[in-house]
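All remarks here apply to the structure that follows.
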Amino acid sequence: MGRITDRIAALGLQLPPPLIIPDGADLPFAFAHRVGTRVLIAGHGPQGSDGTLVGPFGKVGTEVDISAARHAAGLTGLSMLASVQAEIGDLDRIVGWGRVFGMVNSAPGFHAQPEVINGFSEIIYRIFGTDIGRHVRSAIGVAELPWNLSVEIEGELLIDG
Amino acid sequence: MGRITDRIAALGLQLPPPLIIPDGADLPFAFAHRVGTRVLIAGHGPQGSDGTLVGPFGKVGTEVDISAARHAAGLTGLSMLASVQAEIGDLDRIVGWGRVFGMVNSAPGFHAQPEVINGFSEIIYRIFGTDIGRHVRSAIGVAELPWNLSVEIEGELLIDG
Amino acid sequence: MGRITDRIAALGLQLPPPLIIPDGADLPFAFAHRVGTRVLIAGHGPQGSDGTLVGPFGKVGTEVDISAARHAAGLTGLSMLASVQAEIGDLDRIVGWGRVFGMVNSAPGFHAQPEVINGFSEIIYRIFGTDIGRHVRSAIGVAELPWNLSVEIEGELLIDG
């Protein structure tokens, strides 16, 4: 166990197991990809403790309320960290966060995308602190997401050489 | 004053003051974040000279016309530069632009996203010239944006070591 | 001719000629931009062998079916490679792929964005193999795209020093 893994456990959180690919889907790409000192992170959704993608599914603002979407954004952060761990082995190698791009499956007229993606940012700050966890972010409303996910997030972080 | 700051003034432009966060909003992330020689820039919207986010708000193609949205894209560029200046101190350190991602709050059937985001690119070229200002770009139509902004832009640029 | 160029020909594929800009459009940005060992790639759409943007245009899920959109995603990959070649001269310099961001012009209720963008990933893997071609990816449904394209993709790859 490492410092970050311990911290995740101490917060009562857990990283999900590898994604159980939805029936019929083919996802021919890496979920995290190290290029030099950068780790690029594919678009992720929230995973349950069994590894499946979890809901609530649908449009935030009508079918999904803000607090449920915010929770999903936090789970998405944990899913991203699990993919990073699988790629680099040890989360203690992370020395900084970079860009975060949060996409919210938004009902017409829904404008609280930042509040939803705050569920991600808060998890990251709780785990990494505000120095290593510091990141830039966009939060936007997209028309549709794969499997009708409520939230999808991609990003990038930095590791030691 | 530096070369770029002088150039902005000579063009009759000005960088906005720090963002006045909209009532009730919590934006727990960096607006610009230096990682090595890269400066990552969060999603920004247009700011007025008082620091608030400014309109016109709503969907481009119906509620907002192209020329107003194009002007908003230019203001967004100035807002991004203000955030970069706060992060790195001196805009003269910028040696190149990188990726620009322009998101237009688009009415159904509106397809002139590039024309809107040209308001950003033109400001950047006027300030930095076509060599340092050279950038790649996407311009897309999103379903919704925070606070019903008409335009949101994120990007990345490069500074000296 | 180089190894990658030969490979493209052997697969029965071809890179399109430089983009013929649609009437009335002004695209004041680089289609690919080298920054150090990274090559940033602007948002591209599918091109025909005459250099024009090609359809099918419209929303995937209603106006455009999945297999046509998937084919368009593959053509988009070839268009991106043509821009990269124009920027760096020799595609054999590519040592790795990085981030890929796939945007699908999606009809309401359409959720098979990954299947569409697979048309891109498959082309990349066929040309570069799964080692150099390895990439992270997001696939999302956007509200509108320029010229009513069905697919737009941006990305980043790595070249030798």
Side-chain angles (χ1 to χ4, degrees), chain A residues 19 21-45 53 55 57-59 62-63 76 80 83-84 86-87 98-108 110 138 140-157, chain C residues 36-39 59-62 66 70 73 94-126 129-145 153-161:
Chain A
L19 179 68
I21 309 289
D23 274 357
D26 178 27
L27 304 177
F29 56 88
F31 295 155
H33 182 33
R34 177 184 171 178
V35 287
T37 58
R38 302 161 67 207
V39 181
L40 308 177
I41 309 170
H44 280 65
L53 290 170
F57 298 95
K59 300 224 168 287
T62 50
E63 299 161 295
T76 300
M80 292 164 74
S83 293
V84 171
E87 174 75 2
R99 170 182 172 269
V100 170
F101 193 70
M103 298 160 276
V104 179
N105 189 354
S106 296
F110 180 74
S138 294
I140 67 162
V142 296
E144 297 291 347
L145 285 177
W147 307 290
N148 207 18
L149 290 169
S150 57
V151 176
E152 177 175 340
I153 303 176
E154 69 163 40
E156 173 182 340
L157 51 74
Chain C
T37 57
R38 302 161 65 208
V39 180
K59 300 224 167 288
V60 185
T62 50
I66 290 182
R70 185 180 179 122
I94 297 172
V95 297
W97 274 80
R99 170 182 171 268
V100 170
F101 192 71
M103 299 161 276
V104 179
N105 189 353
S106 296
F110 180 74
H111 302 135
Q113 289 83 15
E115 190 171 342
V116 172
I117 304 299
N118 282 356
F120 169 91
S121 295
E122 282 169 12
I123 287 275
I124 296 303
Y125 287 130
R126 289 174 73 197
T130 53
D131 184 15
I132 290 179
R134 189 173 192 251
H135 58 275
V136 295
R137 208 185 81 177
S138 294
I140 67 163
V142 296
E144 297 289 348
L145 285 177
I153 304 176
E154 69 163 40
E156 175 183 340
L157 51 74
L158 304 176
I159 57 171
D160 54 28

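Because the structure is a prediction, the values reported are computed rather than measured. Just so it is clear: chains get the letters A, B, ... in the order the sequence lines come, proteins before strands, and each one is counted from 1. The basis for the numbers below is simple: all heavy atoms, side chains too, and nothing from hydrogens, waters or symmetry mates.
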(request) May I ask you to name which of Gly96(C), Ala112(C), Pro108(C) has the most heavy-atom pairs under 4.5 Å with chain A? (result) Pro108(C)
(message) Heavy-atom pairs under 4.5 Å with chain C - which of Ile153(A), Leu145(A), Asn148(A) has more of them than the others?
(response) Asn148(A)
(message) Contact between Gln113(C) and Glu152(A) at the side-chain level, heavy atoms closer than 4.5 Å - yes or no?
(response) no
(request) Work out which heavy atom in Tyr125(C) is nearest to a heavy atom in Ala30(A); give both atom names and the distance. (result) OH-N, 4.5 Å
(message) What part of Ile140(C) gets within 4.5 angstrom of chain A, counting heavy atoms only: side chain, backbone, both, or neither?
(response) both
(request) May I ask you to decide whether Arg99(A) forms a salt bridge with Glu154(A), counting only side-chain N to carboxylate O separations under 4.0 Å? (result) yes
(message) Main chain of Ser83(A), side chain of Glu87(A): is a donor-acceptor contact present, judged purely on distance under 3.5 Å?
(response) no
(request) Check for a donor-acceptor pair, side chain of Asn118(C) on one end and backbone N or O of Asp26(A) on the other, with a separation under 3.5 Å. (result) yes
(message) Report which part of Glu156(C) has an atom under 4.5 Å of a heavy atom belonging to chain A: side chain, backbone, both, or neither.
(response) side chain
(message) Quick check on Glu115(C) against chain A: is it the side chain, the backbone, both or neither that has a heavy atom closer than 4.5 Å?
(response) neither
(request) Sort Ala25(A) into side chain, backbone, both or neither according to what part of it lies under 4.5 angstrom from a heavy atom of chain C. (result) neither
(message) Using every non-hydrogen atom in the two residues, find where Arg137(C) and Ala42(A) come nearest and quote the distance to one decimal.
(response) O-CB, 3.2 Å
(message) Counting heavy-atom pairs under 4.5 Å with chain C, which one of Arg38(A), Met103(A), His44(A) comes out on top?
(response) Arg38(A)
(message) Looking at chain A, which one of Ser121(C), Gly133(C), Pro114(C) has the largest number of heavy-atom pairs inside 4.5 Å, strictly under?
(response) Pro114(C)
(request) First locate atom CD1 of Ile94(C), then atom CD1 of Ile159(C), and finally report the distance between them rounded to the nearest 0.5 Å. (result) 8.5 Å
(message) Between Leu149(A) and chain C, with a heavy-atom cut-off of 4.5 Å, which part of the residue counts as in contact: side chain, backbone, both or neither?
(response) neither
